[in-house]
Asker: 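Here it is, the structure in full.
This structure is a prediction, so every number in the text was calculated from the model and none was measured. Proteins come first, then strands; the chains are lettered A, B, ... in the order of their sequence lines, and each starts at number 1. What you see below is based on every heavy atom in this structure, not just the backbone, and it leaves out hydrogens, waters and symmetry mates.
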2 protein chains.
Amino acid sequence: MVNETRTARQQLVNPLAGPRERYRQQIRAEVQEHAWKQLAEAGASGLSLKAIAKQMGITAPALYRYFASRDDLLTELILSAYRDLAHRVEATTVTGGTPRDRLTAIGTVIREWARDNRHRYLLLYGTPVPGYTAPAEATDLARRIFAPVQDAFSHDPDETLHRSLTFWTRVHGVISLEVAGHFTGMPFDPAQLFASEVLSTLTDLP
Amino acid sequence: MVNETRTARQQLVNPLAGPRERYRQQIRAEVQEHAWKQLAEAGASGLSLKAIAKQMGITAPALYRYFASRDDLLTELILSAYRDLAHRVEATTVTGGTPRDRLTAIGTVIREWARDNRHRYLLLYGTPVPGYTAPAEATDLARRIFAPVQDAFSHDPDETLHRSLTFWTRVHGVISLEVAGHFTGMPFDPAQLFASEVLSTLTDLP
DNA sequence: TAGCTTAGTTATATGGTGTAACTATCGTTA
DNA sequence: TAACGATAGTTACACCATATAACTAAGCTA
């Protein structure tokens with residue numbers, strides 16, 4: 001399970017590039033691996049370039065050859081998380097099926113991904129840093145994640161946006177509180193609540 | 001509006017206490033004021049005791065007379081935010097009315113509070129810091145905020161928890177994405193979406 | 001193989017948390 | 001009211017973090 005996400009996260013190193021570029025990409029990937037680990041253990045505020053450098057056996061300033069700044073690294077992580085989620089959502093969609101099936105699949109895949117990658121989900125949809133603005137690619141990817149939902153609700157154009165938003169907010173409402181740990185100690189099954197919430201968005205859908 | 005929340009946030013200084021304690025409480029309150037400002041401007045990770053001290057015209061170590069650590073200050077802020085929200089929710093409930101009225105009022109007051117205090121809402125319900133565990137009082141306050149919702153759904157005991165959770169997740173789903181800025185640039189009115197979501201939880205309710 | 005590019009180093013500026021030891025001031029009480 | 005004790009605030013310091021500058025060493029390429 002862990003290995004699976006690890007593999008999915010791994011950067012593809014372009015074999016056509018020269019050895020320098022290959023090496024560079026490999027180090028960048030390795031830095032990101034360590035960064036994810038830190039993010040999971042200490043949150044975004046605990047992410048430390050110095051600590052990563054130490055773990056990799058180099059000095060901190062060396063990392064600035066690979067990432068312009070701590071923020072830059074964080075941006076890469078955010079983009080990589082968006083890409084990963086977008087790929088997964090899109091992968092469930094290509095299989096076709098009825099809108100009901102597709103929306104259920106989308107909901108499931110997002111929740112599974114969020115549960116397997118709490119810190120990643122929270123990085124995308126949790127508390128944003130006030131000053132920080134995501135790069136354009138992030139917005140694009142967010143749209144790509146949303147698009148299959150809109151597509152599934154497209155039978156009634158007047159209602160498409162509203163129903164898509166409702167799907168999004170209901171799905172996010174459960175997942176967000178679940179991965180943030182706000183349900184711990186409460187006597188119920190989040191999976192069931194989630195299923196019922198997804199179902200609630202499907203009325204009158206084929 | 002801002003003044004209103006400012007006032008609500010202000011610590012009541014016990015007039016019975018001696019002058020030393022009075023002074024102490026006043027400084028503590030002043031520190032928290034500055035802390036809120038920083039939180040709004042730079043997020044939780046940008047909260048700096050040193051900066052607060054500078055703004056207050058004292059040196060950073062002096063603040064440790066008032067707060068054991070940065071985390072301790074943050075905990076105080078979290079508790080104060082919970083208290084504020086709990087008071088507001090409870091205030092809407094005492095007025096009585098039908099369950100529908102009460103739930104609508106609760107939803108409205110939470111959203112208004114969240115919009116007026118984005119950083120506060122996100123501090124309570126946004127990304128948690130992995131290591132951090134909230135004090136017992138926080139859990140109590142969270143329960144107190146949830147209780148009026150459960151009360152409004154108490155007519156059918158079998159469904160109380162499920163419907164209360166649904167209310168919570170739907171309300172949070174919209175508010176969370178709204179205050180995090182994920183709706184910016186989208187052609188729709190969050191208030192309307194929110195109203196429709198609250199309404200959706202009220203079926204068969206008197 | 002010469003030379004350029006690049007990775008990584010050390011040194012340093014800056015800013016943050018937190019502790020220790022000292023000083024001055026304020027309140028309380030004999 | 002004078003003296004004592006508690007407390008607020010200070011400086012000095014240890015440690016960790018980001019980030020830049022200047023230098024060195026290694027590797028790729030022509």
Side-chain angles (χ1 to χ4, degrees), chain A residues 11 13-39 41-78 129-132, chain B residues 11 13-39 41-78 129-132:
Chain A
Q11 309 260 119
V13 177
N14 182 357
L16 293 175
R20 265 206 166 127
E21 189 57 26
R22 278 179 60 90
Y23 178 71
R24 185 180 173 76
Q25 288 180 4
Q26 195 175 320
I27 298 287
R28 277 179 65 93
E30 195 179 332
V31 171
Q32 293 192 29
E33 280 303 313
H34 286 283
W36 284 125
K37 223 169 289 171
Q38 286 202 1
L39 222 63
E41 282 161 17
S45 62
L47 183 70
S48 157
L49 293 184
K50 206 176 177 182
I52 292 171
K54 199 173 189 177
Q55 287 179 326
M56 292 177 66
I58 58 178
T59 59
L63 291 186
Y64 288 82
R65 298 278 174 207
Y66 302 96
F67 298 93
S69 66
R70 187 180 173 283
D71 255 36
D72 187 54
L73 170 57
L74 251 162
T75 299
E76 291 288 306
L77 296 178
I78 289 170
V129 176
Y132 183 83
Chain B
Q11 308 261 121
V13 177
N14 182 359
L16 294 173
R20 272 225 159 108
E21 188 57 25
R22 278 179 61 90
Y23 179 71
R24 185 179 173 75
Q25 288 180 5
Q26 195 174 321
I27 298 288
R28 278 179 63 94
E30 196 180 331
V31 171
Q32 292 191 29
E33 279 302 314
H34 286 282
W36 283 126
K37 223 169 290 171
Q38 286 203 359
L39 222 63
E41 282 162 17
S45 63
L47 183 69
S48 158
L49 294 184
K50 206 175 177 182
I52 292 172
K54 199 173 189 177
Q55 286 179 326
M56 292 177 65
I58 58 178
T59 59
L63 290 185
Y64 288 83
R65 298 277 175 209
Y66 302 96
F67 297 92
S69 66
R70 187 179 172 282
D71 255 36
D72 186 55
L73 170 58
L74 250 163
T75 299
E76 292 288 306
L77 296 178
I78 289 170
V129 177
Y132 184 83

Asker: Using only atom types and a distance under 3.5 Å, with no angle test, would you say the side chain of B/Arg70 pairs donor to acceptor with the backbone of B/Leu49?
Answerer: no
Asker: What pair of heavy atoms forms the shortest contact from B/Ser45 to A/Ser45, and how long is it?
Answerer: CB-CB, 4.0 Å
Asker: Check for a donor-acceptor pair, side chain of B/Gln38 on one end and backbone N or O of B/Ser48 on the other, with a separation under 3.5 Å.
Answerer: yes
Asker: Please check the phosphate of D/dG9 (OP1 and OP2 only) for any side-chain N or O of B/Tyr23 closer than 4.0 Å.
Answerer: yes
Asker: Does D/dG9 have OP1 or OP2 under 4.0 Å away from a side-chain N or O of B/Tyr66?
Answerer: yes
Asker: How close do A/Leu77 and A/Ala35 get, heavy atom to heavy atom, and via which atoms?
Answerer: CD1-CB, 3.8 Å
Asker: To the nearest angstrom, how far is A/Arg65 atom CZ from D/dT20 atom P?
Answerer: 12 Å
Asker: Just checking, is any N or O donor in the side chain of B/Ser69 or B/Tyr64 under 3.5 Å from an acceptor N or O on the other one?
Answerer: no
Asker: What heavy-atom pair brings B/Phe67 and B/Asp72 nearest, and what distance separates the two atoms?
Answerer: CA-OD2, 3.7 Å
Asker: Roughly how many Å is it from CG in A/Asp72 to C1' in D/dA19, rounded to a whole number?
Answerer: 13 Å
Asker: Does the B/Arg24 side chain pair with the main chain of B/Arg65, one donor and one acceptor, at a distance under 3.5 Å?
Answerer: yes
Asker: Which nucleotide span of DNA chain C, 5' end to 3' end, has atoms closer than 4.0 Å to non-hydrogen atoms of chain A?
Answerer: C/dT5 to C/dA11
Asker: Check whether any side-chain nitrogen or oxygen of B/Arg24 sits under 4.0 Å from OP1 or OP2 of D/dA8, and answer yes or no.
Answerer: yes
Asker: Strictly below 4.0 Å, heavy-atom distances to any atom of DNA chain D: list the hits from residues 46-63 of chain A, or just say none.
Answerer: A/Leu47, A/Ser48, A/Leu49, A/Lys50, A/Pro61
Asker: What verdict does the side-chain contact (heavy atoms from CB on, under 4.5 Å) test give for A/Met56 and A/Ile27, after you've listed the backbone C-alpha separation in whole Å, the side-chain angles of each residue and the deciding distance to 0.1 Å?
Answerer: CA-CA 9 Å; A/Met56 292 177 66; A/Ile27 298 287; 4.0 Å; yes
Asker: How close or far is atom P of D/dT7 from atom CZ of B/Arg28, stated in whole angstroms?
Answerer: 15 Å
